[in-house]
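The structure appears below as structure tokens.
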Amino acid sequence: MKTERRKNARSSITELAALIEADIKSKQLVSGDPYLSLSETARMLKTSNRGANAALQLLVKKGVLERKQRRGTFISQPESDLKATIHRVHLILNEDFLRKEGVLADGQVIGIQSALPGAQIQFNFLPQHDQRDYVEQVVSESLSTDGLDAFILYSTSLEAQRILVDSGLPTVVVGSLYPSVEGLPWIDQDQREVAVLTFEHLHLQKQCQQFMVLMRERSYPGDYLFLDSLQECFQRYHIPPKNVIHRALPSDHLAIQAEIARLLSRFDGKIGIIARSMPLGNGARDAVSRSSFVLNQNLHIMVSNVFGKEREELKYFSYIRPCPTAEEVGSYIGGVLKQFVKDGFAGDQHWQVSVKVIDVGTDEEIA
């Protein structure tokens, strides 16, 4: 019962806003006509003043309604369509994730800004604890201030995705949606293809017969798509289970290095290490340098999730890289946000970004 009440409260803003729009349409109200007061709206919707106010404010931001001080709420004038312009874009992400994995390239920000030239870009770094409260606060402040805000979520939690769905504010998820989340456009690398290219490069190109699969301590939806596809590759090429070791490791360099050094003693053939992130790849490289294996001779490291800008340490690995530039990705995200504001959002709109393999120490794409 408690879960159901919470679900209803969480989804009320967009539902109440839709009911208000239906009421406006049924009454055939036109630009300049007055609408109900806050208390009247709350009674009509059978909700609290707080819920009604949030729904009214959302419609103000969408350019459906206008609120005039001491006069009341009115149906927007045609020229008020300008209110539907996005004034600020919130990038919600984990600062540690950004710093260590570089998922957000400068080019993406340039692309977003080019698609939304009048918008202010604001970084919102998630705290380690109480992330739900933080996201709710940012959304609440966005609904209560002038101008329309939009959101881009970078590898955030299930709760963050749900809060933004329920807010009705224009949002794009960079990464895959969590199960049960609907109503948000998303963009991610084609994780199934990432797995196939990673495996084929190590097995067919580098002749690796044994594998170490290193995942981040915290998994995201795209990680499971990647692992499912990778498992299918192992089965298709008859790689026995004893030749594959999986580990989920924290981003701490010493912890990664110690665990990989311990695991290397189990191998005696040509090894392919599949690192899901740059910290995992760097930790593996340092562990290998202290072992009997020789990097890029009888042991190869493949970093499978590089979405950000080029970095010096990539020269030690083969890696997966998106085919479109970071600026093209940012421009696409900005365009989706503009479309979200113009027409709303319905359905499962997403872009699975095509990827390619860059061989170790080169800038050459592997066909």
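Remember, it's a predicted structure, so these values are computed and weren't measured experimentally. Hydrogens, waters and symmetry mates play no part in the numbers below; they use all other heavy atoms, side chains included.
Sorted by first and then second residue, the salt bridge (charged side-chain N to carboxylate O under 4.0 Å, His left out) pairs involving residues 198-215 (not counting sequence neighbours) are K206-D359. Annotation: salt bridge (charged side-chain N to carboxylate O under 4.0 Å, His left out) contacts involving residues 25-41, sequence neighbours excluded, comprise D23-K27. Within the structure, salt bridge (charged side-chain N to carboxylate O under 4.0 Å, His left out) pairs that include any residue of residues 168-178 do not occur (at least two apart or interchain). Counting only residues at least two apart or in different chains, salt bridge (charged side-chain N to carboxylate O under 4.0 Å, His left out) contacts with residues 233-248 comprise R247-E259.
When the side-chain contact (heavy atoms from CB on, under 4.5 Å) test is applied to A119, the partners found at least two apart in sequence or on another chain are I86, V89, L116. Remark: Y178 engages L158, Q161, V181, R218, Y220, P221 in a side-chain contact (heavy atoms from CB on, under 4.5 Å) (not counting sequence neighbours). Every residue two or more places apart in sequence or in another chain that forms a side-chain contact (heavy atoms from CB on, under 4.5 Å) with P34 is listed here: F74. Residues satisfying the ring-ring contact (aromatic ring centres under 6.0 Å, His included) criterion with H300, sequence neighbours excluded, are absent altogether. Applying the ring-ring contact (aromatic ring centres under 6.0 Å, His included) criterion to Y237, with sequence neighbours excluded, gives F199, H203. Residues forming a salt bridge (Lys or Arg N to Asp or Glu O under 4.0 Å) with D190 (at least two apart in sequence, or on another chain): none. In this structure, P179 has no side-chain contact (heavy atoms from CB on, under 4.5 Å) partners at least two apart in sequence or on a different chain.
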For residues 285-294, dump all side-chain donor-acceptor pairs below 3.5 Å to protein atoms at least two apart in sequence or in another chain.
{"unit_1": "D286", "atom_1": "OD2", "unit_2": "H253", "atom_2": "NE2", "d": "2.7"}
{"unit_1": "S289", "atom_1": "OG", "unit_2": "D286", "atom_2": "O", "d": "2.6"}
{"unit_1": "R290", "atom_1": "NH1", "unit_2": "D286", "atom_2": "O", "d": "3.1"}
{"unit_1": "S291", "atom_1": "OG", "unit_2": "V288", "atom_2": "O", "d": "2.8"}
{"unit_1": "S291", "atom_1": "OG", "unit_2": "F293", "atom_2": "N", "d": "3.1"}

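In the hydrophobic clustering of this structure, Y224 does not group with L214; members are Ile, Leu, Val, Met, Phe, Trp, Tyr whose side-chain heavy atoms approach within less than 4.5 Å, directly or through other members.
When each of F123, F125, F151 is tested with H90 by the rule ring-ring contact (aromatic ring centres under 6.0 Å, His included), just one qualifies, namely F151.
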